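Notes follow the structure.
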Number of protein chains: 2
Amino acid sequence: MNNEINISESEWTVMEYLWNNPMVTITEIRKALSSTGWSDSTIKTLVRRLVSKNAVAINDEAATFRYYPLISQQECRLKETKSFINRVYDGSVSMLVTNLAADSNLTDKETEELLALIEKMGNEQEK
Amino acid sequence: MNNEINISESEWTVMEYLWNNPMVTITEIRKALSSTGWSDSTIKTLVRRLVSKNAVAINDEAATFRYYPLISQQECRLKETKSFINRVYDGSVSMLVTNLAADSNLTDKETEELLALIEKMGNEQEK
DNA sequence: AATCAAAGGTTACAGCTGTAGTCTATTATA
DNA sequence: TATAATAGACTACAGCTGTAACCTTTGATT
């Protein structure tokens with residue numbers, strides 16, 4: 001459905017907040033994102049862009065609008081994950097997981113087990 | 001060192017080829033990427049941008065230049081993977097792997113084992 | 001009532017990205 | 001040798017992104 005929606009890095013920050021706090025006002029968003037250092041304008045622009053991308057909708061029952069996500073974190077994560085794996089790991093889930101395992105602090109035995117499982121996972125999820 | 005190099009999606013396609021075939025001419029690149037449908041100009045632009053980003057260098061001993069990668073696939077993958085996990089999974093490797101497991105076709109028992117390992121992996125790799 | 005802050009709307013602007021055209025010099029080929 | 005193809009260098013241009021200012025209206029505060 002919403003496959004064509006692309007959310008930029010800054011926009012993700014806003015989406016994260018909306019996923020955790022649906023139906024908030026712009027003031028609430030601004031307060032929540034104050035640690036980013038973004039100006040009022042910047043945050044409004046990001047929200048506006050998300051609305052025009054149909055990632056976020058406006059509830060304007062009250063005078064002060066409330067914003068809520070139209071797409072789920074789950075589906076966005078899935079989409080991003082797939083395109084990431086395709087771009088960086090040539091579509092290979094197991095290659096990604098192998099790299100993750102190498103970069104994490106498992107014991108040798110655990111790594112071995114993990115790799116064995118990865119072996120079984122194979123390369124589904126192409127494209 | 002090369003932490004600030006950002007490689008775009010199209011540029012990755014070029015890099016992939018260069019990682020597998022270092023020291024090639026522009027003609028070889030063009031032929032290899034003909035399936036992309038990109039014009040001659042487009043490919044030359046991508047290569048030029050990679051050179052100006054210091055991701056690729058030129059060997060100009062011969063009249064026809066040869067191009068080769070200055071950064072390794074390994075380090076680029078690591079960088080991309082980290083920024084991806086930070087952006088999409090809030091820095092949590094285990095959340096990513098959990099999602100991957102859910103999306104792959106492991107048996108229940110295998111998934112259980114995988115999740116147990118993930119449990120142990122915890123959330124290293126923050127930042 | 002006068003003032004200030006914030007909301008909503010509009011505009012800005014530079015850098016990156018996708019995609020490609022033009023020009024000139026050189027090389028290969030008829 | 002005339003011609004075609006290509007390399008290398010430069011330019012183009014629109015859409016996306018990061019980042020923000022400005023303007024007008026409205027609600028809150030003095």
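The chains referred to below are lettered A, B, ... by the order of the sequence lines, with proteins before strands, and numbering in each begins at 1. Every value quoted in this text rests on a predicted model; they were computed, and no experiment measured them.
- Distance from the side chain of A:S39 is smallest for D:dA21 among the nucleotides C:dT19, D:dA21, D:dT6.
- Between B:T42 and C:dG18 there is no side-chain polar atom (N or O) within less than 4.0 angstrom of OP1 or OP2.
- Rounded to whole angstrom, the span from the CG atom of B:N6 across to the C1' atom of D:dG18 amounts to 13 Å.
- Judged purely by atom type and a 3.5 angstrom limit, B:E28 uses its side chain to pair as donor or acceptor with the backbone of B:T25.
- If A:K53 and B:I26 are placed on DNA chain D by their nearest nucleotide, the residue sitting closer to the 5' end is B:I26.
- Per the geometry, CG belonging to A:L50 stands 15 Å off P belonging to D:dT19, to the nearest Å.
- Remark: the backbone N or O of A:V88 is paired with a side-chain donor or acceptor of B:R77 at under 3.5 angstrom.
- Whole-Å rounding puts the B:D40 CG to D:dA4 C1' distance at 14 Å.
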Please tabulate, for the side chains in residues 31-38 of chain B, all donor-acceptor contacts under 3.5 angstrom to protein atoms that are two or more places apart in sequence or on a different chain.
residue, atom, partner, partner atom, Å
B:S34, OG, B:K31, O, 3.1
B:T36, OG1, B:L33, O, 2.6
B:T36, OG1, B:W38, N, 3.2

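- In this structure, the CZ atom of A:R66 is 10 Å from the P atom of C:dG8, given to the nearest Å.
- In this structure, the CD1 atom of A:I43 is 14 Å from the P atom of C:dG8, given to the nearest Å.
- Here C:dA20 presents its P atom at 10 Å from CG of B:L46, a figure rounded to the nearest Å.
- Ring orientation note: the planes of A:W12 and A:W19 are nearly perpendicular, at an angle over 60° on the 30°/60° scale.
- As a whole-Å value, the separation of B:E11 CD from C:dC16 C1' is 9 Å.
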Which protein N or O atoms sit under 3.5 Å from an N or O of nucleotides 9-15 of chain C?
residue, atom, partner, partner atom, Å
C:dT11, O4, A:R48, NH2, 3.1

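- As rounded to whole Å, 12 Å separates atom P of C:dG18 from atom CD1 of B:I7.
- With D:dT6, C:dG8, C:dG18 as the choices, the nucleotide that has an atom nearest any side-chain atom of B:S8 turns out to be C:dG18.
- Residue B:S10 has a polar side-chain atom (N or O) positioned under 4.0 Å from OP1 or OP2 of C:dG18.
- Nearest heavy atom pair, residue A:V56 against residue A:M15, reads CG2-SD, 3.5 Å.
- No side-chain donor from either of A:K53 and A:N6 sits under 3.5 Å from a side-chain acceptor of the other.
- In this structure the side chain of A:L78 never reaches within 4.5 angstrom of the side chain of B:N99, judged on heavy atoms.
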